[in-house]
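Here is the structure we will look at.
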Number of protein chains: 2
Amino acid sequence: MESVVKTDRRILRTKQSITKSFLELFSEKDFEQITINEIAERANVNRGTVYLHYSDKYDLLDTCIEEHINELISLCTKREDDTVNQAMVQEPKPVFDYFREHFPFFSAMFSNQRAFLFRDQLLNFISVNLMIKMERPDNLPIIDNKIKAQFMASAFIGIVEWWIRHHMPQSTQFMADQVRNLFENNQVYPK
Amino acid sequence: MESVVKTDRRILRTKQSITKSFLELFSEKDFEQITINEIAERANVNRGTVYLHYSDKYDLLDTCIEEHINELISLCTKREDDTVNQAMVQEPKPVFDYFREHFPFFSAMFSNQRAFLFRDQLLNFISVNLMIKMERPDNLPIIDNKIKAQFMASAFIGIVEWWIRHHMPQSTQFMADQVRNLFENNQVYPK
DNA sequence: CGGGTTTTGTTGTATATGAAACAATTGCGT
DNA sequence: ACGCAATTGTTTCATATACAACAAAACCCG
């Protein structure tokens, strides 16, 4: 029995407004040029309210990134399959659907200099997942799994970045198929 | 010197949310089927808050209509021209631009049974404006101006309704030209 | 360098909104 | 007709947010 304390509607609304406003600005101009004034004004929120939820714009950026990373994680782990983290490798379509659904965010992340934070976290997340996947005993350890995981994770991020920056010309299904083939061919998981 | 008391940001935000939510629902289903619950839920606002601003959904509808009528009025009267109300007749493009800008609202109004309220108010507004225009002494009173105004106002509304219901196939400029010719040919104002 | 402007955090107080509970009413299916 | 469920207004209390003012820092610009 979990006592799920649902947060106040106003908080959710305000945070939504602020992050939306911030991400818009983030895709429009350089991060350093963005002021709290602008963010609050566009979000139609008092300036003080921004400080109520975020210590500064760096914290705001970190939070945005963290939330999406967490979403991706839960997306990959909430399968009925008892072996966690199989989702992204064996069925990547929901992941790509998520990318498409939150296009404004990922687009901003990939088109901005300050995206390295996001990139690192995402890459680390995927790398760890691939590691877990490859540590299954029936996989021949020809190459160091850690290196392999990094390699494959980078490849994955690269594909996603390209897809986002070109405004998602292919369907999520197509992308999912490509990625699945990629992982199969590199024996990330056994046939 | 006017002491302009600017309203609280929360009020503006909330009202915006509620009317937006309501108009969406209004274009989706019959007015009688819409509940306050739905409106509040979609607006992401507490149900009690709706009652804080509107007595019921009828009041909400009336308010929406009134606001847009007032917008149209100010659009037609804020010209530098000392003779008020010339705007709509001699330069109808801004009016059509307004229609296009607020397409969701007008579309809902013209596609719903309960639109008669709106239709009446709009028709009355235009009719009065035309009356003022025609009362200028250099207009020959062959036909009773009141009747003529009603006639022309109905014609105008009819054109707008058709345009909206067909998803605005023509440009606002084109529509404006058409209306101007219409009024010219019927001597609403002298050449 | 100097000085005006903008931005930043922070504070105190007023108020709008959220959440929950309630009785009264309406609606709907059987 | 009955009863169950949903909707409606209304209330009370808690709290998130608005607003205004402030000093300090950062930023321009001549």
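Computation of the quantities below employed the complete heavy-atom set of this structure, encompassing side-chain atoms and omitting hydrogens, waters and symmetry-equivalent molecules. Lettering follows sequence order; numbering is per chain, from 1. Quick caveat: nothing in here was measured; it's all calculated off a predicted structure.
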Task: For the student: nearest non-hydrogen atoms of A:Ala40 and A:Val50, plus distance - done: CB-CG2, 3.9 Å

Task: Partners passing side-chain contact (heavy atoms from CB on, under 4.5 Å) against B:Ser21 (at least two apart in sequence or in another chain) - done: B:Leu25, B:Ile39, B:Arg42, B:Ala43

Open item on the list: Between B:Leu23 and B:Ser27, is the side-chain contact (heavy atoms from CB on, under 4.5 Å) condition met? List the steps.
Closed with: CA-CA 6 Å; B:Leu23 288 178; B:Ser27 64; over 6 Å; no

Task: Rounded interatomic separation in angstrom, taking CG from B:Asn37 and P from D:dG9 - done: 11 Å

Task: Nearest non-hydrogen partners of A:Tyr51 and A:Ser55, listed with the distance - done: CD2-O, 3.7 Å

Open item on the list: Main chain of A:Gln170, side chain of A:Trp163: is a donor-acceptor contact present, judged purely on distance under 3.5 Å?
Closed with: yes

TODO: Round to a whole Å and report the spacing from CD of B:Gln33 to P of D:dT8.
DONE: 11 Å

Open item on the list: Could you walk me through whether B:Asp97 and B:Lys93 satisfy the side-chain contact (heavy atoms from CB on, under 4.5 Å) test, starting with their C-alpha distance in whole Å, then the side-chain angles of each, then the deciding distance to 0.1 Å, before giving a yes or no?
Closed with: CA-CA 6 Å; B:Asp97 284 336; B:Lys93 183 166 183 297; 3.1 Å; yes

Task: Outermost nucleotides of DNA chain C that come under 4.0 Å of a non-hydrogen atom of chain A - done: C:dT7 to C:dA19

TODO: Go through residues 38-53 of chain A and report each residue with a non-hydrogen atom lying under 4.0 Å from DNA chain C, sorted by number.
DONE: A:Arg47, A:Tyr51

Task: Geometric cation-pi criterion B:Lys57 and B:Phe31, 6.0 Å radius, 45° cone - done: yes

Open item on the list: Looking at B:Arg47 and B:Ile36, would you say the former's side chain and the latter's main chain have a donor-acceptor pair under 3.5 Å?
Closed with: no

TODO: To the nearest Å, give me how far apart CD1 (B:Ile36) and P (D:dG9) are.
DONE: 6 Å

TODO: Using the salt bridge (charged side-chain N to carboxylate O under 4.0 Å, His left out) rule, take A:Glu24 and A:Lys29 through it: C-alpha gap first, then chi angles, then the decisive distance, then the call.
DONE: CA-CA 9 Å; A:Glu24 279 178 23; A:Lys29 56 162 74 177; over 6 Å; no

- [ ] Please name the pair of heavy atoms, one in A:Thr19 and one in A:Tyr54, separated by the smallest distance, quoted to 0.1 Å.
- [x] CG2-OH, 3.7 Å

- [ ] With sequence neighbours excluded, tell me which residues meet side-chain contact (heavy atoms from CB on, under 4.5 Å) with A:Tyr98.
- [x] A:His68, A:Glu71, A:Leu72, A:Leu75, A:His102, A:Phe106

TODO: Indicate, with a heavy-atom threshold strictly under 4.0 Å, whether B:Arg9 touches base, sugar-phosphate, or nothing.
DONE: sugar-phosphate

TODO: Show the numbers, then the answer: is there a side-chain contact (heavy atoms from CB on, under 4.5 Å) between A:Arg9 and B:Val45?
DONE: CA-CA 7 Å; A:Arg9 220 166 201 167; B:Val45 151; 5.7 Å; no

TODO: Report the end-to-end axis angle of the helix from C:dC1-D:dG30 to C:dT30-D:dA1; each axis comes from five terminal pairs, and the value is rounded to 10°.
DONE: 60°

When you compare the protein's N or O atoms with those of nucleotides 24-27 of chain D, which come within less than 3.5 Å of each other, and at what distance?
none

Open item on the list: Nearest whole Å is fine: how far is D:dT17 P from B:Asp8 CG?
Closed with: 13 Å

Open item on the list: Contact between A:Phe96 and A:Arg100 at the side-chain level, heavy atoms closer than 4.5 Å - yes or no?
Closed with: no

Task: 5' priority, DNA chain C, between A:Thr7 and A:Thr35 [closest heavy atom] - done: A:Thr35

Task: Given D:dG9, D:dT17, D:dT8, the nucleotide with the shortest approach to the side chain of B:Asp56 - done: D:dG9

